[in-house]
K.L.:
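Here's a structure for you.
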Amino acid sequence: MSRRESARAHRAVRDREAAATTAGVRGPRWTRFHRKALAKVPLPLRGLRSRLVVAFVLVTMAGALSTGAVTFREARRGVLQQSQDTVIRQFRAGVNDLAVNTPLQPDQSDLEVAVNHVLRANQSQGWRVLATYGNLRASAPSADFDKITPELRRSVATKRAAVFQRVDDNGRPWLVVGMPVTYTDGEGTESRLSGLVMYLVVPQDTEQAYVQAMVSAIEHATLVALGLAVVLALLAASGVLRPVRALRGATRLMAEGHLDVRLTVNGSDELADLSQSFNHTAAELERSVAELRRMEAQARRFVADVSHELRTPLAAMSAVTDVLDENALRLDRETGEALRLISEGTSRLSVLVNDLMEISRFDAGAAELNLDEIDLADFAQHTLAARGWQGRVETHLPPPGVLRARVDPRRLDVVLANLVGNALRHGEPPVRLAMSAREGPPGAAWAVIEVTDNGPGIAEEAMPHIFERFYKANSTRARSASSGLGLAITAENVHLHGGRVSAANLPWGGAAFTVELPLHRDSAPDVRPADDDAGAGAR
């Protein structure tokens, strides 16, 4: 490679880097500018059809106006130039005819004869002729020659050729011509000014009418062009929007879960390439989703099968550990400690297997509700008593018979046990359980169950994942007794009842879990003001 080619290559690389840098710097700015500009556009004009029509109209207007302006300028100049040349040629011919018979020092009568001679040759053209020689003046058909400017008079006095000027008087155009009469001496070598000057003032109404006709023609042509532009824009927009609408409809169907939707590809333009790319993307997405669903179904079957297969040996192990626990006091210390670890591990494994089987029922859609109308406050007391938590949990419950609802008692027991147990394990006392009723929209009422504690609360980064399966908010509890399924099962049971569950941190410290279960209007209780102690617990 020569030195010149090397330098050229280096410049090309440098130019590409500069262009990339400029694009990287200006791109976001231009994007923000376009977004701001688009935000100022009225909503009806933001559609693709409206923008195409506006673009066509603007381009057509620009083309029509520029073409019309150029055409008007050239045509106007041609009309005026032709008229001017004709008038000057006729005027010069008339002046040349009279110059032969006019003396070198004409008097007043000679000037009048010269004026009349020029007018007789051009009677029908509306000419006004003025002849001057020194202080002498002769004019016809009138003496109104105020359109002859001082600049034109000075120019005629110093030049030997015809001088003309266009004058506009109240919107009416006039052509003013000044022509000095010259003579040659006997030798005929040089022309000299005789002092006689002929002026011509002629209206250009006919030329003005031609110009106005051209303007009117250009305006009509522009209107026709705009009409054609709108029609062409609508046709082009229909051709462009048809595949775009099809793509929008297919995208909505895909968002609704119809992954088998495909577009019909017509032609070989960019829109056809876009439709083909969409079809390819949809096919790949359908294949990926089908594979994910197949793997998910396999994983669910695996969990269900493993859980089911573990139940029988776990039942036998639990029976054996129960028998051994009864004789633990008669065993030596090391054997008793080993037996305790085996018993705890078996119990933990049994809980995990039961939780996995419950989750598999939810995934398979086999979970059902066995509804029964119960007193929620009385049921909560039984749940706490069955687990020996009555002395460890503060309760703020309505009186018996006030808050009744149709729920699945077994699943509600799981919800209460998981929430209270979670607060006892990971929070700090006092742990509070509160129940109340809340009126919703017309025809709706909710039973509100709230479990709070005075612990450190839930970390902000863990809050969005608190009800996910196998999620543990505290990483130090990775080997704890908790399986990470309790809150997930709680959420599934609440949703199965058509309710809502949420978690939050209290302003003064601690976590709060709130469950809302729907009540029928006819079974909704009268919401009575609670006492101060109950109100404090509900917070």
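Residue indices begin at 1 and follow the sequence shown. Only this structure's heavy atoms are used, side chains among them; waters, hydrogens and symmetry mates stay out.
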K.L.:
So which heavy atom on Leu397 is nearest to which on Ala380, and how close?
P.N.:
CD1-CB, 4.4 Å
K.L.:
Can you name the residues that form a side-chain hydrogen bond (donor to acceptor under 3.5 Å, both in side chains) with Glu461, not counting sequence neighbours?
P.N.:
none
K.L.:
Considering only heavy atoms from C-beta outward, does the side chain of Trp446 approach that of Glu439 to under 4.5 Å?
P.N.:
no
K.L.:
Once rounded to the nearest 0.5 Å, what's the spacing between atom CG of Leu384 and atom CG of Leu416?
P.N.:
7.5 Å
K.L.:
Please enumerate all residues that pass side chain to side chain contact (heavy atoms under 4.5 Å, CB included) together with Val289, with sequence neighbours excluded.
P.N.:
Leu259, Leu285, Arg293
K.L.:
List for me each residue that meets side chain to side chain contact (heavy atoms under 4.5 Å, CB included) alongside Asn454, sequence neighbours excluded, and say none if there are none.
P.N.:
Pro430, Arg432, Trp508
K.L.:
Distance check, rounded to the nearest 0.5 Å: Leu487 atom CG versus Glu492 atom CD?
P.N.:
12.0 Å
K.L.:
Kindly determine whether Ile458 and Phe513 satisfy side-chain contact (heavy atoms from CB on, under 4.5 Å), including the steps that lead there.
P.N.:
CA-CA 11 Å; Ile458 304 171; Phe513 288 85; 3.9 Å; yes
K.L.:
Does some side-chain heavy atom of Val407 sit less than 4.5 Å from a side-chain heavy atom of Asp372?
P.N.:
no
K.L.:
Would you compute the distance between atom CG of Leu433 and atom OG1 of Thr452 and round it to the nearest 0.5 angstrom?
P.N.:
9.0 Å
K.L.:
Taking only residues two or more places apart in sequence or in another chain, which ones pass salt bridge (charged side-chain N to carboxylate O under 4.0 Å, His left out) with Arg392?
P.N.:
none
K.L.:
With sequence neighbours left out, what residues match Glu460 under salt bridge (charged side-chain N to carboxylate O under 4.0 Å, His left out)?
P.N.:
none
K.L.:
Could you tell me which non-hydrogen atom of Leu403 sits nearest to which non-hydrogen atom of Pro398, and how far apart they are?
P.N.:
CB-CG, 3.8 Å
K.L.:
Run the side-chain hydrogen bond (donor to acceptor under 3.5 Å, both in side chains) test against Ser216 and tell me which residues pass, sequence neighbours left out.
P.N.:
His220
K.L.:
Scan for salt bridge (charged side-chain N to carboxylate O under 4.0 Å, His left out) pairs involving residues 408-417, sequence neighbours excluded, and state none if there are none.
P.N.:
Glu358-Arg410, Glu358-Arg411, Arg387-Asp413, Asp408-Arg411
K.L.:
Under a 4.5 Å cut-off applied to non-hydrogen side-chain atoms, are Glu291 and Met295 in contact?
P.N.:
yes
K.L.:
Taking all non-hydrogen atoms of both residues into account, name the closest pair between Val265 and Ala272 and its distance.
P.N.:
CG1-O, 3.8 Å
K.L.:
Who passes ring pair (Phe, Tyr, Trp, His ring centres under 6.0 Å) against His495, sequence neighbours left out?
P.N.:
none
K.L.:
Please give me the minimum heavy-atom distance between Ala504 and Met463, naming the atom from each residue.
P.N.:
CA-CE, 4.1 Å
K.L.:
Please list all pairs passing the side-chain hydrogen bond (donor to acceptor under 3.5 Å, both in side chains) test where one or both residues lie in residues 271-281, with sequence neighbours left out.
P.N.:
none
K.L.:
In chain order, what residues pass the salt bridge (charged side-chain N to carboxylate O under 4.0 Å, His left out) check against Glu286, with sequence neighbours excluded?
P.N.:
Arg262
K.L.:
So which heavy atom on Val451 is nearest to which on Ala423, and how close?
P.N.:
CG1-CB, 4.1 Å
K.L.:
Is there a side-chain contact (heavy atoms from CB on, under 4.5 Å) between Leu412 and Ile374? Walk through the geometry before answering.
P.N.:
CA-CA 11 Å; Leu412 182 59; Ile374 62 173; 4.0 Å; yes
K.L.:
Listed by chain and number, what are the salt bridge (charged side-chain N to carboxylate O under 4.0 Å, His left out) partners of Arg500, not counting sequence neighbours?
P.N.:
Glu516
K.L.:
Once you round to the nearest 0.5 Å, how far does OG1 of Thr490 lie from CG of Leu419?
P.N.:
5.0 Å
K.L.:
Distance-only, no hydrogens or angles: does the Asn422 side chain make a donor-acceptor pair with backbone N or O of Asn418 under 3.5 Å?
P.N.:
no
K.L.:
Start with the C-alpha gap between Thr251 and Met254, add the side-chain angles, then the distance that decides, and say whether side-chain contact (heavy atoms from CB on, under 4.5 Å) holds.
P.N.:
CA-CA 5 Å; Thr251 305; Met254 183 178 292; 5.6 Å; no
K.L.:
Within the 4.5 Å heavy-atom criterion, are Leu376 and Asp378 side-chain neighbours or not?
P.N.:
no
K.L.:
side-chain contact (heavy atoms from CB on, under 4.5 Å), that's the test. Do Val494 and Val415 meet it? Break it down for me.
P.N.:
CA-CA 8 Å; Val494 172; Val415 171; 4.1 Å; yes
K.L.:
So how far is it from Thr395 OG1 to Gln381 CD, rounded to the nearest 0.5 Å?
P.N.:
4.5 Å
K.L.:
If you take all heavy atoms of Phe467 and Ala491, which pair is closest and at what distance?
P.N.:
CD2-CB, 4.0 Å
K.L.:
Using the salt bridge (charged side-chain N to carboxylate O under 4.0 Å, His left out) rule, take Glu373 and Arg404 through it: C-alpha gap first, then chi angles, then the decisive distance, then the call.
P.N.:
CA-CA 7 Å; Glu373 186 171 345; Arg404 299 183 63 84; 3.6 Å; yes
K.L.:
State the CG-CZ distance between Leu247 and Arg252, to the nearest 0.5 angstrom.
P.N.:
11.0 Å
K.L.:
Only counting residues at least two apart or in another chain, list the ones meeting side-chain hydrogen bond (donor to acceptor under 3.5 Å, both in side chains) with Glu284.
P.N.:
Arg287
